[in-house]
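Below is one structure; the comments refer to it alone.
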Amino acid sequence: MTTTDRTAPRTGLLTVDGATLHHEVRGEGPLLVMMPGGSADAGIYDAIAADLADRWTVATFDPRGYSRSPLDGPVTEQLPATHADDIVRLIEVLSPDGAPAALFGSSSSAVVALDVLARHPGRVSRVVAHEPPVVGLLPDPEAGRALFAAVRESFRRDGVTAAMTTMAEGLAPAWGEDRADPEPTAFEAEAEAEAEAEAEPTARDPESIAPEPAAMAPEPERAAPEPAAPASSPQEKSQETPPEMPPAQAEVFRRMHANLPVFLEHVLCSFSGYAPDLAALEDSAAHLVVGVGRDSRTLLPAVAAEALARRVDARVAEFPGGHIGLTEDPRAFAARLRDVLLAP
């Protein structure tokens, strides 16, 4: 297989209970499923998947209700267990011989990765869960739940920009104990700059677009829409991307922003409120690596992640960047993920 053949995605559609999943496959070798978090879809992993396709069959996908993965009916509150079932079905289709897959998830999708490992340990060989924001394991769980509830309420009342501001302000305090105050992370800095980004969007590589909870977006319509808005809608016309942005990158940008209302209304609270099965995860701790960002270790998701690792005796691996390190430097992040996946 040539390099071009290996890195070019092979696309497909998979029917699951209540939805149809768009998925993309690159490379050859053992199966690695990379799950997008926040409002992201398969496009967030384009560069990372291409880097890892020399060693793995890398599968990426749009989560149900996002982008090119429509639901069979209206969007409702999303549950980690439902999304985990989707992953198991994807593994069954892409690994028909029954061989287990490696699994990577970040932020909200790291929560899904935990559920897959807890309920279907035989289907995964290694799970890398990067900063799952499981607020129940924080030193002050109620404060974490209140933060995300306030983010959703800000979205309902005033829209995406207000929700992003609430998120940034809530994450600013150090959530860990006995830690020195860090320099502002990209997660915080980008969220705080939301209003400016809305006024003057700039061209950015799709891998540097932050589609996680602090995604930067011109404000979509405030009521949670159907997952895929028509390209010709007034909303889309109001989200003009810079003319110098290549069309493929502009499309990734548009899709991720269009997913934000679904994320804020139907994913954020239910996923962050997930209560992991600690006993099951402890039983499978040898297969679990908890990732934390070098620059985000005092922020809520990393503090919760490290608490999880302590509770289940899982290994912790530090990754470049912050909570959205995979978008800040995709090549460095891919190199670190390669090392973690290949480690004994």
Side-chain angles (χ1 to χ4, degrees), residues 32-38 63 77-91 100-149 170-171 174-179 212-213 267-293 296-319 323 337 340-341 343-344:
L32 166 62
V33 179
M34 303 196 70
M35 307 186 303
E77 191 72 0
Q78 297 297 295
L79 299 176
T82 305
H83 286 242
D85 290 342
D86 291 346
I87 298 304
V88 172
R89 178 66 182 132
L90 188 63
I91 293 172
L103 192 60
F104 173 81
S106 181
S107 194
S108 57
S109 68
V111 171
V112 179
L114 296 176
D115 196 71
V116 173
L117 179 60
R119 295 195 295 120
H120 306 278
R123 300 315 311 243
V124 289
S125 55
R126 174 155 294 176
V127 170
V128 182
H130 185 265
E131 298 200 358
V134 283
V135 297
L137 299 179
L138 290 170
D140 187 351
E142 288 307 313
R145 294 187 186 99
L147 167 61
F148 291 125
L171 289 173
W175 286 82
E177 299 177 353
D178 303 321
R179 291 188 185 273
E212 305 278 353
V267 174
L268 177 63
C269 289
S270 55
F271 280 52
S272 61
Y274 171 77
D277 185 336
L278 298 176
L281 293 175
E282 186 173 11
D283 288 343
S284 298
H287 301 284
L288 175 62
V289 178
V290 175
V292 294
S296 55
R297 297 190 74 155
T298 61
L299 296 186
L300 181 156
V303 172
E306 293 198 74
L308 169 71
R310 290 191 297 270
R311 291 287 294 273
V312 304
D313 198 24
R315 184 161 69 93
V316 174
E318 188 174 85
F319 280 77
H323 184 64
L337 180 56
V340 170
L341 290 171

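Note that this is a predicted model, so its numbers are computed, not measured.
- For the pair V134 and S272, the minimum side-chain heavy-atom distance is 4.5 Å or more.
- Considering only residues two or more places apart in sequence or on other chains, R311 meets the salt bridge (Lys or Arg N to Asp or Glu O under 4.0 Å) condition with none of them.
- Residue pairs meeting the side-chain hydrogen bond (donor to acceptor under 3.5 Å, both in side chains) criterion with at least one partner in residues 118-127, sequence neighbours excluded, are D85-R119, D115-R119.
- The shortest non-hydrogen separation linking P132 to A305 is CD-CB, 3.6 Å.
- Between the CG atom in D86 and the OG1 atom in T82 there is a gap of 7.5 Å [rounded to 0.5 Å].
- Judged purely by atom type and a 3.5 angstrom limit, S106 has no side-chain atom pairing as donor or acceptor with the backbone of G37.
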Quiz: residues 277-285 side-chain donor-acceptor pairs under 3.5 angstrom, not counting sequence neighbours:
unit_1 : atom_1 : unit_2 : atom_2 : d
D277   : OD1    : A279   : N      : 3.3
D277   : OD1    : A280   : N      : 3.0

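- Here L308 contributes atom CG and R310 contributes atom CZ; the two are 9.5 Å apart, rounded to the nearest 0.5 Å.
- Side-chain contact between I87 and M35 is present, with at least one heavy-atom pair separated by less than 4.5 Å.
- In this structure, V135 and Y274 have side chains that are not in contact, with every pair of non-hydrogen atoms separated by 4.5 Å or more.
- Nearest heavy atoms, P36 versus S109: O-CB, 3.2 Å.
- Taken to the nearest 0.5 Å, the CG atom of D140 stands 9.5 Å off from the CZ atom of R145.
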Discussion item. Does V112 form a side-chain contact (heavy atoms from CB on, under 4.5 Å) with F271? I'd like the steps, not just the answer.
Written reply: CA-CA 8 Å; V112 179; F271 280 52; 3.4 Å; yes
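- The aromatic rings of F104 and F319 sit tilted, their planes meeting at an angle between 30° and 60°.
- V290 has its side chain out of reach of R315: every pair of non-hydrogen atoms, C-beta onward, lies at least 4.5 Å apart.
- Side chains of R297 and E318 form a contact here, defined as non-hydrogen atoms less than 4.5 Å apart.
- For the 3.5 Å distance criterion, the side chains of E131 and S296 qualify, holding a donor opposite an acceptor.
- Side-chain contact between L147 and L171 is present, with heavy atoms from C-beta onward closer than 4.5 Å.
- Atoms CG and CG, from L103 and L117 in turn, are 8.5 Å apart once rounded to the nearest 0.5 Å.
- Between V127 and V116 there is no side-chain heavy-atom pair separated by less than 4.5 Å.
- Nearest heavy atoms, A129 versus L288: CB-CD1, 4.3 Å.
- Within the 4.5 Å cutoff, the side chain of L300 has heavy atoms near those of the P133 side chain.
- Between the side chains of H130 and S107, not a single donor N or O lies within less than 3.5 Å of an accepting N or O.
- Looking at every heavy atom in both residues, G136 comes nearest to P141 through O-CG, 3.7 Å.
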